Asker: 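My questions will all concern the structure given below.
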Amino acid sequence: MKLEGRTALVTGGSRGIGRAISMALAQEGAEVAINYLSNSRAAEELQAEIQAFGGRAILAPADISDFPDTYRMAQQVLEEFGHLDILVNNAGVTSDKTFVNMDHATWRKVLSINLDGVFNCTKVFVDGMVEQNYGRVVNITSVIGQIGNFGQANYAASKAGVAAMTKSLAKELAGKGINVNSVAPGFIETEMVTAIPERVQERLLNQIPLRRFGKAEEVAQMVVYLCAPEGDYVTGAELEVNGGLFM
Ligand code: NAP
C-alpha cells in the first residue's frame with residue numbers, strides 16, 4: 001500500500017468524485033477524514049464501507065466557505081489524527097446562469113465555496129505541513145476553468161483561480177516538502193453531469209475524442225498518483241483527466 005501511515009482530508013469527500021478519492025486513498029492505506037456539508041448519511045455510509053475493509057475514516061463536517069467553521073474542523077481532525085499529510089480540496093458547486101442574468105449572490109456563492117474554500121482549507125493546515133516538512137495538496141479544478149463555458153462564468157472563474165493559486169503555492173512551498181498540484185477533470189459521471197439534459201449530454205459526447213464521460217475512480221487514481229512516492233517530482237502541475245476534450 002502506497003499511503004500506509006499517511007493521514008488525509010478530502011473536502012466534499014462523501015459523494016461523487018470526492019467519495020471515489022476518499023475510497024482510493026483509504027484503499028492505499030491512508031487514514032481519511034471525510035468532509036461534507038450536511039448530508040451525513042452519505043458520509044456515514046462511506047465511513048462504514050472503508051471500515052469494512054479494515055481502513056480508518058473519520059467524519060469532519062464543516063462548511064468550507066466559512067473560515068471559522070473550517071478552522072474548527074481542522075482542530076477536530078488534528079486532534080484525532082495528530083497531523084495531516086494530504087489535503088484534497090475537492091468540494092465544489094455549480095450555479096449556472098448566463099452573465100446577463102447572473103446576480104451578485106450567485107457569483108459569490110460559487111466563488112465562496114470553490115475558491116475561498118480552497119484558501120480556507122489550505123490556510124488551516126499549511127502551518128502543520130511546513131512544520132513537519134511534508135505535505136501533498138491536490139486541488140480539483142475543471143476543464144471549464146481552462147476553456148470556459150456558456151452559463152458558467154462564476155464556475156470557470158473559480159476553477160481558473162484555483163489553478164493559478166496552485167502554481168503560486170507550489171512555488172512558495174517547494175522548499176518546505178510540500179507539493180501542490182491540481183487535477184482538472186472533464187465531464188465525469190456524477191450527479192453534476194447526469195443532471196445535464198440528455199440532448200446536451202449527446203452534444204458533449206460528440207466533442208470528447210474518447211466518446212464517453214469519465215469515471216470518478218479515474219480522477220481518484222490521478223490524485224493517488226500525486227500523493228504517492230511516484231508523484232514526488234511533480235509540483236505546480238494541472239493534470240487533465242478529460243478524454244481528450246481539451247488538449
Ligand atoms: P458532488 O457530487 O455534487 O459532491 C459535492 C460534495 O461537496 C458533497 O460531499 C457535498 O457535501 C460537498 N460540499 C458542497 N458544498 C460544500 C461546502 N460548502 N462545504 C463542504 N462540503 C461541501 O460533486 P462532484 O460532481 O463530485 O464534484 C467534485 C469536484 O469535482 C468539484 O470541485 C467539481 O467542481 C469538480 N468537477 C466535477 C466534474 C464532474 O463532471 N462532476 C467535472 C469537473 C470538475 P453534502 O453531501 O453534505 O452536500
Side-chain angles (χ1 to χ4, degrees), residues 9-24 32-47 57 59-74 76-77 87-96 108-121 124 138-149 152 154-163 165-166 182-196 200-201 204-205 208 212-220 222-223 238-243 245-246:
L9 174 107
V10 183
T11 69
S14 60
R15 291 195 289 119
I17 293 172
R19 183 185 205 282
I21 295 170
S22 299
M23 184 57 94
V32 180
I34 304 164
N35 161 259
Y36 62 97
L37 180 59
S38 55
N39 184 343
S40 49
R41 195 162 160 194
E44 281 161 10
E45 279 173 14
L46 176 61
Q47 181 187 36
L59 303 182
D63 179 354
I64 54 125
S65 69
D66 182 77
F67 188 78
D69 201 29
T70 307
Y71 181 81
R72 177 203 52 74
M73 174 193 71
Q76 177 219 320
V77 170
L87 169 64
V88 184
N89 286 308
N90 162 81
V93 297
T94 54
S95 191
D96 299 353
R108 278 307 316 151
K109 180 190 166 192
V110 171
L111 268 289
S112 71
I113 297 172
N114 296 12
L115 182 57
D116 299 356
V118 176
F119 170 85
N120 292 342
C121 292
V124 295
V138 183
N139 298 323
I140 306 302
T141 56
S142 169
V143 69
I144 303 304
Q146 300 172 306
I147 63 177
N149 201 19
Q152 292 199 309
N154 50 1
Y155 184 74
S158 72
K159 293 300 186 179
V162 171
M165 179 181 168
T166 300
S182 48
V183 172
F187 292 97
I188 306 299
E189 275 172 0
T190 61
E191 282 167 34
M192 201 180 259
V193 164
T194 49
I196 299 173
V200 183
Q201 284 191 31
L204 287 172
L205 283 172
I208 301 170
R212 66 170 178 87
F213 296 127
K215 295 185 194 325
E217 292 72 22
E218 291 170 321
V219 179
M222 197 64 104
V223 175
E238 185 167 27
L239 302 182
E240 289 149 14
V241 186
N242 64 23
L245 175 61
F246 172 71

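Quick caveat: nothing in here was measured; it's all calculated off a predicted structure. Both ligands and their constituent atoms are indexed starting at 1 by order of listing.
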Asker: Got a sec: does the CZ of Arg41 have more than 12 other heavy atoms crowding it under 6.0 Å?
Answerer: no

Asker: Within a 6.0 Å radius of atom OH on Tyr71, are there more than 12 heavy atoms belonging to other residues, nucleotides or ligands?
Answerer: no

Asker: Less than 3.5 Å apart, N/O on ligand 1 and N/O on the protein: could you list those pairs with the distances?
Answerer:
{"residue": "ligand 1", "atom": "9 (O)", "partner": "Gly12", "partner atom": "O", "Å": "3.4"}
{"residue": "ligand 1", "atom": "9 (O)", "partner": "Ser14", "partner atom": "OG", "Å": "2.9"}
{"residue": "ligand 1", "atom": "11 (O)", "partner": "Leu37", "partner atom": "N", "Å": "3.3"}
{"residue": "ligand 1", "atom": "18 (N)", "partner": "Asp63", "partner atom": "OD1", "Å": "2.9"}
{"residue": "ligand 1", "atom": "19 (N)", "partner": "Ala62", "partner atom": "O", "Å": "3.4"}
{"residue": "ligand 1", "atom": "19 (N)", "partner": "Ile64", "partner atom": "N", "Å": "3.1"}
{"residue": "ligand 1", "atom": "25 (O)", "partner": "Thr190", "partner atom": "OG1", "Å": "3.2"}
{"residue": "ligand 1", "atom": "26 (O)", "partner": "Ile17", "partner atom": "N", "Å": "2.7"}
{"residue": "ligand 1", "atom": "32 (O)", "partner": "Asn90", "partner atom": "O", "Å": "2.6"}
{"residue": "ligand 1", "atom": "32 (O)", "partner": "Lys159", "partner atom": "NZ", "Å": "2.8"}
{"residue": "ligand 1", "atom": "34 (O)", "partner": "Tyr155", "partner atom": "OH", "Å": "2.5"}
{"residue": "ligand 1", "atom": "34 (O)", "partner": "Lys159", "partner atom": "NZ", "Å": "3.1"}
{"residue": "ligand 1", "atom": "40 (O)", "partner": "Ile188", "partner atom": "N", "Å": "2.8"}
{"residue": "ligand 1", "atom": "40 (O)", "partner": "Ile188", "partner atom": "O", "Å": "3.3"}
{"residue": "ligand 1", "atom": "41 (N)", "partner": "Thr190", "partner atom": "OG1", "Å": "2.6"}
{"residue": "ligand 1", "atom": "46 (O)", "partner": "Arg15", "partner atom": "NE", "Å": "2.7"}
{"residue": "ligand 1", "atom": "46 (O)", "partner": "Arg15", "partner atom": "NH2", "Å": "3.3"}
{"residue": "ligand 1", "atom": "47 (O)", "partner": "Leu37", "partner atom": "N", "Å": "3.0"}
{"residue": "ligand 1", "atom": "47 (O)", "partner": "Ser38", "partner atom": "N", "Å": "2.6"}
{"residue": "ligand 1", "atom": "47 (O)", "partner": "Asn39", "partner atom": "N", "Å": "2.8"}
{"residue": "ligand 1", "atom": "48 (O)", "partner": "Arg15", "partner atom": "NH2", "Å": "3.1"}

Asker: From Met165 CE over to Lys159 NZ, what is the distance, rounded to the nearest 0.5 angstrom?
Answerer: 12.0 Å

Asker: Taking Arg72 first and then Asp63, would you say they form a salt bridge - that is, a charged N and a carboxylate O separated by under 4.0 Å?
Answerer: no

Asker: Please report the interatomic distance OG1(Thr166) to CD1(Ile140), rounded to the nearest 0.5 Å.
Answerer: 10.0 Å

Asker: Between Gln201 and Ile196, what is the shortest heavy-atom contact and its length?
Answerer: NE2-O, 2.9 Å

